[in-house]
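None of these values were measured; they are calculated from a predicted model. The chains referred to below are lettered A, B, ... by the order of the sequence lines, with proteins before strands, and numbering in each begins at 1.
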There are 2 protein chains.
Amino acid sequence: MKRKIASSKLRSAAFTRTRADHSAELAHDYCELIAELIDEKGEARGTDIALRLGVSNATVAKTMKRFSDQGLVEQEPYRAIFLTADGWKLAEDGRRKHAIVEQFLLALGISSKVAQVDAEGIEHHVSDETLKAMARFLARN
Amino acid sequence: MKRKIASSKLRSAAFTRTRADHSAELAHDYCELIAELIDEKGEARGTDIALRLGVSNATVAKTMKRFSDQGLVEQEPYRAIFLTADGWKLAEDGRRKHAIVEQFLLALGISSKVAQVDAEGIEHHVSDETLKAMARFLARN
DNA sequence: CAGAAAGTTTAGCTAGTGCTAAACTTTTGC
DNA sequence: GCAAAAGTTTAGCACTAGCTAAACTTTCTG
Ligand SMILES: [Mn+2]
Ligand SMILES: [Mn+2]
Ligand SMILES: [Mn+2]
Ligand SMILES: [Mn+2]
């Protein structure tokens, strides 16, 4: 009995972590993308975010309102979107992770297009331990 | 101009694929888990699924109704859940992927607990090309 | 075999993430 | 400087995925 309960707890921990990863995922991707646009053009407009994300303008607007309530972004009506300090933190963290995962996939021999696509999803499910192992692998190759 | 549009298309393809991965994810995990329980105990009961997934019974019941409409599972009222042929296909596919990803992480030097957790999320975002590369890496080590 | 325990279903709620269409504002180009 | 184009916001819809609480059915146990 004890054993059964314990093993279910272990099993469910993985699913629970994956669900947690998913709720953080969108914020990471948005902040990373907004940072990218600010670097490129000095500001991040809703249209550009929508275009790169592959969603509608309306979806971006609604999400930006939510993230603004959460203190990740700042925006004046009808103006471009900027990151708060918290937003920049997510963006930088996301970039670092993203780069390591993508470089790792490339080092593994994956084509650059596929590495880019796979990294976009994998990056959110990689623990610190795994990220470090990927970085180590990269250093050794 | 042309260049800008093309590069946004490439960028958005990654996000679009990740969103598609996410909508398939739950079905994969449920079918895999149901298969596991059937192997272990001969049937998959709602409570056991809920326990291993870390969600409530009610969530499982609702999801099972949806999956039954989609032809992935079969169930009589107040009885355990079984997989259709389509459900088995998802389960087998998921198991194969899951095993390769987890083994790969272990081969990379990740601890078994973390490998188990990370694999649960990563498995859904790994393309065929990457899966093959992981299998190749495994064979070589 | 009756009552308790275990398991299942249903109802009703919340929140997130997407969409289109329409209204509104800002920017651009003549 | 005005009209058209571009961009933004809002409203309203749909679906997914979670929850608790209550009603119901099945199984277990004394
Ligand atoms: Mn991503
Ligand atoms: Mn999984
Ligand atoms: Mn799995
Ligand atoms: Mn994911």
Side-chain angles (χ1 to χ4, degrees), chain A residues 1 4-5 8 12-13 15-31 33-34 37 41-70 72-82 120-121 124, chain B residues 1 4-5 8 12-13 15-31 33-34 37 41-70 72-82 120-121 124:
Chain A
M1 284 293 110
K4 217 169 273 185
I5 287 163
S8 285
S12 69
F15 291 116
T16 301
R17 228 281 309 273
T18 300
R19 285 193 298 272
D21 289 346
H22 283 152
S23 36
E25 175 159 350
L26 206 68
H28 277 101
D29 282 341
Y30 265 90
C31 288
L33 181 51
I34 290 166
L37 286 165
K41 329 195 178 200
E43 60 174 24
R45 298 185 315 161
T47 319
D48 293 328
I49 298 175
L51 189 66
R52 296 216 185 168
L53 232 36
V55 299
S56 73
N57 285 345
T59 295
V60 171
K62 194 191 286 193
T63 304
M64 288 305 95
K65 187 165 292 167
R66 186 156 36 94
F67 286 177
S68 167
D69 290 348
Q70 290 171 16
L72 295 176
V73 305
E74 271 169 338
Q75 183 184 28
E76 316 267 288
Y78 292 100
R79 291 274 109 95
I81 290 138
F82 295 94
E120 197 57 73
H124 308 283
Chain B
M1 285 297 107
K4 216 167 277 184
I5 288 164
S8 285
S12 70
F15 291 115
T16 301
R17 229 278 310 270
T18 300
R19 284 192 299 272
D21 289 345
H22 282 153
S23 37
E25 176 161 349
L26 206 68
H28 277 101
D29 282 342
Y30 265 90
C31 289
L33 180 51
I34 290 166
L37 286 165
K41 330 198 180 201
E43 61 176 21
R45 298 184 315 161
T47 318
D48 294 328
I49 298 175
L51 190 66
R52 298 218 182 167
L53 232 36
V55 301
S56 73
N57 285 344
T59 296
V60 170
K62 195 192 283 191
T63 305
M64 286 308 94
K65 188 165 291 169
R66 187 155 36 92
F67 287 177
S68 166
D69 291 346
Q70 289 170 16
L72 296 176
V73 305
E74 270 170 338
Q75 181 183 27
E76 316 267 288
Y78 293 98
R79 291 273 111 94
I81 289 137
F82 295 93
E120 197 56 76
H124 308 283

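Separating the CG atom of B/Asp21 from the P atom of C/dG18 is a distance of 14 Å, rounded to the nearest angstrom. With rounding to whole Å, A/Arg19 atom CZ is found 9 Å from D/dG18 atom C1'. A straight line from CZ of B/Phe67 to P of D/dC15 spans 16 Å, rounded to a whole angstrom. Atoms CG (B/Asp69) and P (D/dA17) sit 13 Å apart, rounded to a whole Å. In this structure, CD of B/Gln70 is placed 12 Å from P of D/dC15, rounded to the nearest angstrom. Note: CG (B/Leu26) to P (C/dT17) measures 15 Å, nearest angstrom. Distance, B/Met64 CE to D/dT16 C1': 13 Å, rounded to whole Å. Atom CD of A/Glu43 and atom C1' of D/dA6 are 14 Å apart (whole Å).
Side chains of B/Thr18 and B/His22 form a contact here, defined as non-hydrogen atoms less than 4.5 Å apart.
For B/Phe82, the side chain to side chain contact (heavy atoms under 4.5 Å, CB included) partners are B/Ile38, B/Glu43, B/Ala80, not counting sequence neighbours. Scored by the side chain to side chain donor-acceptor pair (under 3.5 Å) test, B/His124 finds B/Asp29 as partners (sequence neighbours excluded). Taking the salt bridge (charged side-chain N to carboxylate O under 4.0 Å, His left out) definition, one finds that B/Arg17 meets it with A/Asp118, B/Asp21, sequence neighbours left out. Partners of B/Thr16 under the side chain to side chain donor-acceptor pair (under 3.5 Å) rule, at least two apart in sequence or in another chain, are B/Arg19.
A sub-4.0 Å separation between OP1 or OP2 of C/dC19 and a side-chain N or O of A/Ser56 is present. Contact annotation: A/Thr59 side-chain N/O to C/dC19 OP1/OP2 distance is under 4.0 Å.
Each side-chain hydrogen bond (donor to acceptor under 3.5 Å, both in side chains) pair with one or both residues in residues 59-69 of chain A, not counting sequence neighbours, appears once here: A/Ser56-A/Thr59.
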For this session: If a protein heavy atom is under 4.0 Å from the base, mark B; if only from the sugar-phosphate, S; if neither, -; do that for nucleotides 3-15 of chain C going 5' to 3'.
Result: ----BBSB-BB--
